[in-house]
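Right, one structure below, let's go through it.
Lettering of chains follows the sequences in order, A, B, ..., and the numbering in each one begins at 1.
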There are 4 protein chains.
Amino acid sequence: MKSAIPPRSERTRQLIIESAAPIFNKKGYAGTSMSDLTTATGLTKGSIYGNFKDKDDVAVHAFQHNIDLIFDFFSKELKAAGSTWDKLLAYPRGFRKIYRMILSYGGCPILNTAVEADDTHAVLRKMAVDVLAKWKNSIISLITDGIDEGVIDPATDAAKSAEILIALMEGGSVLSKVTGEESYMLNAIDMAEEKITDMQRPT
Amino acid sequence: MKSAIPPRSERTRQLIIESAAPIFNKKGYAGTSMSDLTTATGLTKGSIYGNFKDKDDVAVHAFQHNIDLIFDFFSKELKAAGSTWDKLLAYPRGFRKIYRMILSYGGCPILNTAVEADDTHAVLRKMAVDVLAKWKNSIISLITDGIDEGVIDPATDAAKSAEILIALMEGGSVLSKVTGEESYMLNAIDMAEEKITDMQRPT
Amino acid sequence: MKSAIPPRSERTRQLIIESAAPIFNKKGYAGTSMSDLTTATGLTKGSIYGNFKDKDDVAVHAFQHNIDLIFDFFSKELKAAGSTWDKLLAYPRGFRKIYRMILSYGGCPILNTAVEADDTHAVLRKMAVDVLAKWKNSIISLITDGIDEGVIDPATDAAKSAEILIALMEGGSVLSKVTGEESYMLNAIDMAEEKITDMQRPT
Amino acid sequence: MKSAIPPRSERTRQLIIESAAPIFNKKGYAGTSMSDLTTATGLTKGSIYGNFKDKDDVAVHAFQHNIDLIFDFFSKELKAAGSTWDKLLAYPRGFRKIYRMILSYGGCPILNTAVEADDTHAVLRKMAVDVLAKWKNSIISLITDGIDEGVIDPATDAAKSAEILIALMEGGSVLSKVTGEESYMLNAIDMAEEKITDMQRPT
DNA sequence: CATGAATGAGCGTTCATTCAT
DNA sequence: CATGAATGAACGCTCATTCAT
């Protein structure tokens, strides 16, 4: 039984992506140069261009990698949560677990990309928009499930609540990032949890 | 009574600042070139360098200009509001008035700068942090005043509330900007107003 | 009365064009690098790009300069020639005067450009085609004039004769260039003159 | 009787040569990249470098291949021609048969190479010069033979006539190539045939 | 002050070539 | 032999900045 050693090229691609991901996240697309990537990877420009079409291509894969990191984390959190209720709370609670890591990583990649790309880079912007939609839909589904299960007040506006929760968490994260004060993030998380608690079906 | 036409040089500086401000806001510091500024102003590079030390210097003044625009607006809103209570509500209500303008301007300059500058540009980052502190203190003062006046529940955590309000408004604005959906901003504003309403002294 | 000193920029443009013209003619468009041009001019890349849009732009002006050199020469030769007959002969006789200069310049620019550009560079190709058409029309006009004046056999096919004369001179020049043997050019010139002589009206 | 399938390596070499030949002819030596050749052959760079020392080596063999194509064609034409006289006419007549193919192939390889290589590539230049000498000598021999046989005017300058015939055909071909007008080639061929007819021994 | 021509470093990208597998 | 990943120099071009006029 042959163990699955990925081919050399795949390892190089992965090295480039993983090295580039935090750099793009911190310095932005325009602020990151290909030389930054050769320095970080120890590879030559030719090698990077042998594995990716152009800078855009690296940025797209690096951003996707960052998205995957976040989604993998929350997927596990949701899976670990038992009830619909706990799954909904898994979002703010998950942020409480990893916000420090996110901050040291340069802030939330979705928000960083959203801010830089909205007026300058259509492809990255679309990726950010898509992942936000996915996130929002996930919250909406959970709220709907909760209503169906009778644990959430049927009067709850699922879409509105989802947008507010996302705004709180993204807003809190960027403010903590720039000010260096964790309280922004923590208070936003508290508010999000409170908001979820308020959705509870009145007895 | 001072009026006086500003000297020619001052007008040129102002032209550069006002032309540069929306460009930096949309394309970011790294993404904006001095050539972008000559194109926008119709001036030569020499002229810009005659009025500003370097690109940094222009960026700093452009950002300050953007901050001033926002603060001038909210200063008027607060002045127009009668009671402490109305002054507090002037923030979300003000956003409801100008969020469309902000979006077409490239999003909230404070947030845009916070995101780009946090890891790359200490001076701009500090400016963003300072203006956020000023904003937060303004909200804290209003809440404290409200408590003193007996209109706000003394149990209210002023600092925490301020941070949540800011997180909501900045979070809502960036999400509306990138997705193009106004609901993010509007729902965040609703939530902010509701949050303020909840501070009311229980009778 | 102000003497016409061209502005600095015009002089730089001219320096670049005149330096680039023989280089492009010898090494071709693809074979000439911008560094070749900085070396030849003593200027920096930035300076060249300040005066020309891109490499193409330099090449186009350099080629036009080469065309002008040739046309200026033949214009003078034609003007100096008295009769229509002598004007027609001015072409081969002109080549006899300057073929050495052409060879040391890298060969006939029209032919060089025609050969390189036909499958790779539409703009240069069109310029070469246009100048060839102009040359051909000039010969056709002279022959037609000669027929009208009664010095050239009216049975002469003007267009065909023009094309043959051009083919002879261009063919002779490229063969002399590559082989280093002047005889190719000289024999082609002889043939061209003989061909013209044969056009004479039979008495 | 030797037949035998050529070894695998020889077939790969041949594939590379045959694929590269028209590309070099159209885009020139400087304008053709090794990547162009991998695209055209479907092979890897390593494979090409396994069969040829470097780009130069491929170019030399590709050019030789192009020369061979032309010479094979004219060899057959000359063999098929009965008399010395017909053999001499086989050159213009051969061009009349294949000039369209030559044009669609990117023009006459001898001329193309002559033009590009004369100032930049000594090896290719020498090959072009050698093949021109061979061609010229072939014509000279035929004329000499014709004189010996009494069919050609002994006053004919064989070398001069040879150079003129070559100049006509090469000149005509390049002008037709660049302008897209067949008349240049056809008129040059007519002139060449007329020139040959004029060599006939006066009776 | 303003101009505009110039600089030199750096950009993203492609080149011909090599070499372990 | 062939592969494909890697190299490092060079490519065309743009950058922020300077300075004589």
Side-chain angles (χ1 to χ4, degrees), chain A residues 7-13 15-16 30-38 41-59, chain B residues 7-13 30-38 43-59, chain C residues 7-13 16 30-38 41-59, chain D residues 7-13 30-38 41 43-59:
Chain A
R8 196 192 223 290
S9 77
E10 198 46 50
R11 271 180 291 151
T12 305
R13 264 182 82 87
L15 165 67
I16 295 168
T32 300
S33 71
M34 294 306 287
S35 294
D36 289 337
L37 304 189
T38 62
T41 55
L43 298 170
T44 59
K45 286 183 183 182
S47 177
I48 295 177
Y49 276 92
N51 286 282
F52 294 90
K53 193 180 152 291
D54 51 21
K55 184 182 168 184
D56 244 57
D57 195 21
V58 186
Chain B
R8 183 127 139 61
S9 75
E10 198 45 52
R11 271 182 291 150
T12 304
R13 268 182 77 86
T32 300
S33 71
M34 295 304 285
S35 293
D36 289 337
L37 304 188
T38 61
L43 298 172
T44 61
K45 285 184 185 178
S47 177
I48 294 176
Y49 275 92
N51 286 279
F52 295 89
K53 190 179 155 289
D54 52 19
K55 184 181 167 184
D56 246 56
D57 196 20
V58 186
Chain C
R8 194 190 226 290
S9 76
E10 198 45 52
R11 272 180 290 150
T12 305
R13 264 182 81 86
I16 294 167
T32 300
S33 71
M34 294 307 287
S35 293
D36 289 336
L37 304 189
T38 62
T41 55
L43 297 169
T44 59
K45 286 183 186 180
S47 177
I48 296 176
Y49 277 92
N51 286 281
F52 294 90
K53 193 181 151 289
D54 52 20
K55 185 184 168 184
D56 244 57
D57 196 20
V58 185
Chain D
R8 184 127 141 59
S9 74
E10 196 47 48
R11 271 182 291 153
T12 304
R13 267 182 79 87
T32 300
S33 71
M34 295 304 285
S35 292
D36 289 336
L37 305 190
T38 59
T41 55
L43 298 172
T44 61
K45 285 186 184 177
S47 176
I48 295 176
Y49 276 91
N51 286 279
F52 295 90
K53 190 179 154 288
D54 53 20
K55 184 182 168 184
D56 246 56
D57 196 20
V58 186

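Close to dA2(F), at under 4.0 Å from its OP1 or OP2, lies a side-chain N or O of Asn51(D).
Between Arg13(B) atom CZ and dA2(E) atom C1' there is a gap of 16 Å when expressed in whole angstrom units. Separating the CZ atom of Phe52(B) from the P atom of dT18(F) is a distance of 16 Å, rounded to the nearest angstrom. Leu37(B) has its CG atom 15 Å from the C1' atom of dT14(F), to the nearest Å.
One distance of note links OG1 of Thr41(C) with CE of Met34(C); it measures 9.0 Å at 0.5 Å rounding. Going from atom OG1 of Thr44(C) over to atom OH of Tyr49(C) covers 11.5 Å, rounded to the nearest 0.5 Å.
Annotation: side chain of Leu43(A) is in contact with side chain of Leu15(A) (closest heavy-atom distance under 4.5 Å). Looking at heavy atoms from C-beta onward, Ile16(A) lies in side-chain contact with Asn51(A) at the 4.5 angstrom threshold. At a threshold of 4.5 Å between non-hydrogen side-chain atoms, the residues Val58(B) and Leu37(B) count as touching.
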Inset, instruction - Scan nucleotides 7-14 of chain E nucleotide by nucleotide, 5' to 3', and note B when protein non-hydrogen atoms come under 4.0 Å of the base, S if they reach only the sugar-phosphate, - if neither. - result: BB--SBBB

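Looking only at distances, a side-chain donor or acceptor of Lys55(C) sits under 3.5 Å from a matching main-chain atom of Thr32(C). Listed for the Asp36(C) side chain is a donor-acceptor partner under 3.5 Å among the backbone atoms of Ser33(C).
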Inset, instruction - Give DNA chain E the dot-bracket treatment, 5' to 3': Watson-Crick (N1-N3 with N6-O4 or O6-N4) or G-U (N1-O2, O6-N3) under 3.5 Å, [ ] crossing, | other strand. - result: .||||||||||||||||||||

